[in-house]
Amino acid sequence: MSLAKRYRPDERELALQAWWEEVGVYDFDADGSGEMVAIDTPPPTVSGQLHLGHVYSYSQTDFMARFWRMNGHNVFYPMGFDDNGLPTDRLVERTAGVTAKATGTRAYIDLCLEAGATAAEQYRALFRRLGLSIDGRYTYRTIEPQSQRISQWSFIDLYRRGLVYRQQAPAIWCPTCHTAIAQADVDDLERDSTLYTVAFTLEDGTRLPIATTRPELLPACVAVFVHPEDTHHAHLAGEQAAVPLYGQQVPILLDLAVDREKGTGAVMCCTFGDSADVAWWRTHDLPLIEAIDREGRMREPSGQFAGLGVREARTAIVGALGEAGLLLQQSPVTQTVRVHERCDTPVEFMVSEQWFVRVLDDKEAFVEAGEQIAWYPPHMKARYRQWVENLAWDWCISRQRAFGVPFPVWYCEACGAALLPAEAQLPVDPRFEAAPGPCAQCGAERFRPEEDVMDTWFTSSMSPQIAGRFFTRPELYERVFPYAVRPQAHEIIRTWAFYTIVKSHYHFRTLPWQDVAISGWGIAAEGAGKISKSRGGGPMSPEELMARYSADAARYWAASTSLGKDAVIDERKIAAGHRLATKLWNVARFSERFLEGYTPPATAPAGLSLADRWLLSRLQRLIGRATERFLAYDHAMAKSETEQLFWLVADNYLEMAKQRLYEGGPDGEAARFALYHALHTFVHLLAPIMPYVTEAIYQDLWSPGVSLHRGPWPEAEASLVDEEAERGGEILLEIATAVRRYKSEASLSLGSELGQLHLCVKDAALRELLDGGRADLASVTRARSIAIAAVPAPDMQPVLTAYGINVAVALPQEQVQDRG
RNA sequence: GGGCGCUUAGCUCAGCUGGUCAGAGCGCUUCGUUUACACCGAAGAGGUCGGGGGUUCGAGUCCCUCAGCGCCCACCA
């Protein structure tokens, strides 16, 4: 077996990937006895194309998986595709240009299933190409029957425990997606708006100015609030005010939540303009006037403006107010509005009947759960805690959409009671299946199905159960749950991480995982932001990038930034990864002729040079350090330190050992020993990050047919640590650099010989230490002779004074004459 | 308004528990091709580590403060 002159990642990576799968390198051993590491892999959402942000975060998970696997752990690394629910539903609407209403629910579901399957194949292909060491036998889709079964079981279990409820209440509503959504699905969007001051009329006919950004809600105005200590307004409490344009009389009420400094100090309460309105509506028991319908159009209370969209209605009402002389003032304001994160549409609050999971009652338990989980990096825990502490709504889990996991619920036509199926019947789709009646309450036999589907997070929060085959492989599930780690991005701490913790707490009274590893985002260089939200999937597609540089190079980039930090997509960094792979290959090629058929002795041979001892010592410390860093999820530091020593070795040690290696003999044996350990160590330590080129070298040089990625991981050999040699080695490096500087300044080639290299070393112990580096220095400097003495050399060119050493060189006699 | 993070060479960033940390890659300048590598090598130039104050024998490294940037959360009349 020999190494090709050139490493061709484009060919080699594909072949290795196929081979790894063929021999099952990534196979989890369901019956194995080794220490378990189960990874609760994030199932990517089917909502578009994969981008470099996925490459970034998924690579970081794979570094851990490969590290643990090489360390002999039994790694459960499944993959899922989150293809149920709103994201897929919206994708189909956008790409196919159809709606469920137009095609019919059944046909629409089929379109969504197809879109999910297509995306899953694309994602799978990219993940393979990237070299994620996923065990393909444990792949799932969140829409598949087993996922639905687990999700519906979760619902039924929560229902029995009284932890879900159905309520007619104001819920956060997306007019574009036409569904209720959860608090977690809402983002902030800053935008320019106008603050209108309009004139309400008091009973005595005087005007009460009130500022609003939403005049279209005047028909839904149900009260005016003032602060009890507001000297200008508090006396009005108990009076009625007439709403401009519409004329309905509303009470003037007191509430401490009013900000006297804002607007005019008096504020109108509509059903509903924002969450404060909802709160006031509840606490003051106000009437409900629904002015906006579910598509975001004005309803009949709006009078002549009924049928207009919210924005058109606002313009029209402002016009009418102006004509009526009721518009006192308008001024531009910057306003932050709440929008649906999936479509950026400003949300409304709609009274509708929705299913909720109780979370507000158990905030403390969820905060405590967050405390018990180890977060990487640790400050991400603060985000979780802050979110939980600020929760204001129970988790709304029903969505008025066609595609998703259906609720396993029918309602009795006669008495309205909910009928749930037995667990054995799951999964069910009440929209297409008859209820397993009769009604337990009244005995009636006519039912109406629950038409809504579940929030996609309701299912993905069961990912530990779905991946672990909760129902179909209970023995497997027992082994993997709770998981060792949940890798995920930070923007879904409030959804995926939180909801998974909620489910695990309610169903199993346990934490779902020990650790949470939070990755940052891969972000585009200009106008930093999430690349999935930029057009065209970012600056370069992952496929394009890997075709140009290799998967190893892409992973190298992903390894350059530690957990939790965003990384700018930097092609230069990816190119640097490519160069590292090439260099590694060339070092291996150089080493091949010396290491072919070589089995290193168990203990170091006699006659190690100073450079050999330096190298062996540095390698032992590197092994310890890299291992420690990987254990702390710090792949960036592990990579950086390994890479640093590697380049030092490639640029310097190899030149120092070359002469001895070529000449053979006992000195050559010593160099072989050190060289073997160096290459062996680098190939192993870099394997989690650059699995392809390291495996290629391992296969070609050492163990054809046995994968590097099954380990074992190197262990540091304490007897090789040698601090004295490390200091001496540093001096050798300095001398080598000094001599190269001399040659560079003299415009000599690096290969040109020196007549003599003279070291003047006063300290006897140091002199003896450096004596062990004669061969190393001769090799790297091409000096014909080396003098190490206590006295300076006469008539020689000084090149370095440091460490109490004076280094001088002399050219060979013939060159001196030539130059003269 | 609250919380968290960031501010180190022209660019992108490393610098863990304070004392060879002032670093890497890219870019730039100059030089160099016969036994791994021109998909290359070598040498060099470049920063008072955002500002100010403090702790310490000693601070990018700890504390305070100011400024700017980013993110999360709350508010949003």
Same-atom distance ([atom1]) from [N] to [M], integer angstrom:
N	M	atom1	answer
B:G68	B:G50	C1'	8 Å
B:U55	B:C64	P	15 Å
B:G23	B:C57	C1'	26 Å
B:A43	B:C6	C1'	35 Å
B:C16	B:U30	C1'	38 Å
B:C76	B:A59	P	48 Å
B:G10	B:G5	C1'	26 Å
B:G41	B:U65	C1'	50 Å

Looking at every strand, decide which applies to [X] at a 4.0 Å heavy-atom threshold: base, sugar-phosphate, or nothing.
X	answer
A:R727	nothing
A:W585	nothing
A:M637	sugar-phosphate
A:K743	nothing
A:T737	sugar-phosphate
A:R572	base

Nearest-Å distance, [atom1] ([X]) to [atom2] ([N])?
X	N	atom1	atom2	value
A:I569	B:C11	CD1	P	20 Å
A:Y549	B:G25	OH	P	18 Å
A:Y7	B:C40	OH	C1'	19 Å
A:I574	B:C13	CD1	P	13 Å
A:N586	B:A38	CG	C1'	11 Å
A:R629	B:C16	CZ	P	10 Å
A:Y56	B:U12	OH	C1'	13 Å
A:L580	B:C39	CG	P	18 Å

Evaluate the ring planes of [X] and [Y], with Trp represented by its six-membered ring, and classify them as parallel (under 30°), tilted (30 to 60°) or perpendicular (over 60°).
X	Y	value
A:Y499	A:W395	parallel
A:F594	A:F590	perpendicular
A:Y56	A:W557	tilted
A:F498	A:Y384	tilted

Between [options], which nucleotide has the shortest distance from any of its atoms to the side chain of [X]?
X	options	answer
A:A382	B:A43, B:C31, B:G3	B:G3
A:V568	B:G44, B:C13, B:C39	B:C13
A:S640	B:A14, B:A43, B:C13	B:A14
A:L750	B:C4, B:G41, B:G25	B:G41

| query | Going 5' to 3' along nucleotides 72-77 of chain B, which nucleotides have protein heavy atoms under 4.0 Å from the base (write B), which only from the sugar-phosphate (write S), and which from neither (write -)? | reply | BBSBBB
| field | Residue of the set A:F63, A:F630, A:Y376 for which ring pair (Phe, Tyr, Trp, His ring centres under 6.0 Å) holds with A:H635 | value | A:F63
| task | Flag the pair A:D552 and A:R579 as a salt bridge only when some basic side-chain nitrogen lies within less than 4.0 angstrom of an acidic carboxylate oxygen. | result | no
| query | Between A:R660 and A:D776, is there a side-chain N and carboxylate O pair less than 4.0 Å apart? | reply |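 Yes.
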| A:E11 CD: over 12 foreign heavy atoms closer than 6.0 Å |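 Result for CD/A:E11: enclosed.
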| field | A:R191, CZ: over 12 other non-hydrogen atoms inside 6.0 angstrom | value | yes
Which base sits across from [N] as a Watson-Crick or G-U pair, both distances under 3.5 Å?
N	value
B:A38	none
B:G70	B:C4
B:U33	none
B:C11	B:G25

| Over-ring placement of A:K583 relative to A:F646, 6.0 Å and 45° cut-offs |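 Here A:K583 fails the 6.0 Å and 45° test against A:F646.
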| request: Would you mind telling me which residue lines up with the more 5' stretch of RNA chain B, A:Q644 or A:E730, judged by nearest nucleotide? | output: A:E730
| request: Kindly label the base of B:G60 as syn or anti, based on whether its glycosidic torsion lies within 90° of 0. | output: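 The base of B:G60 is oriented syn (glycosidic angle within 90° of 0).
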| task | Indicate syn or anti for B:G70, taking the glycosidic torsion and treating anything within 90° of 0 as syn. | result | anti
| task | Return no unless some side-chain N or O of A:K583 is found under 4.0 Å from OP1 or OP2 of B:G41. | result |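 Yes.
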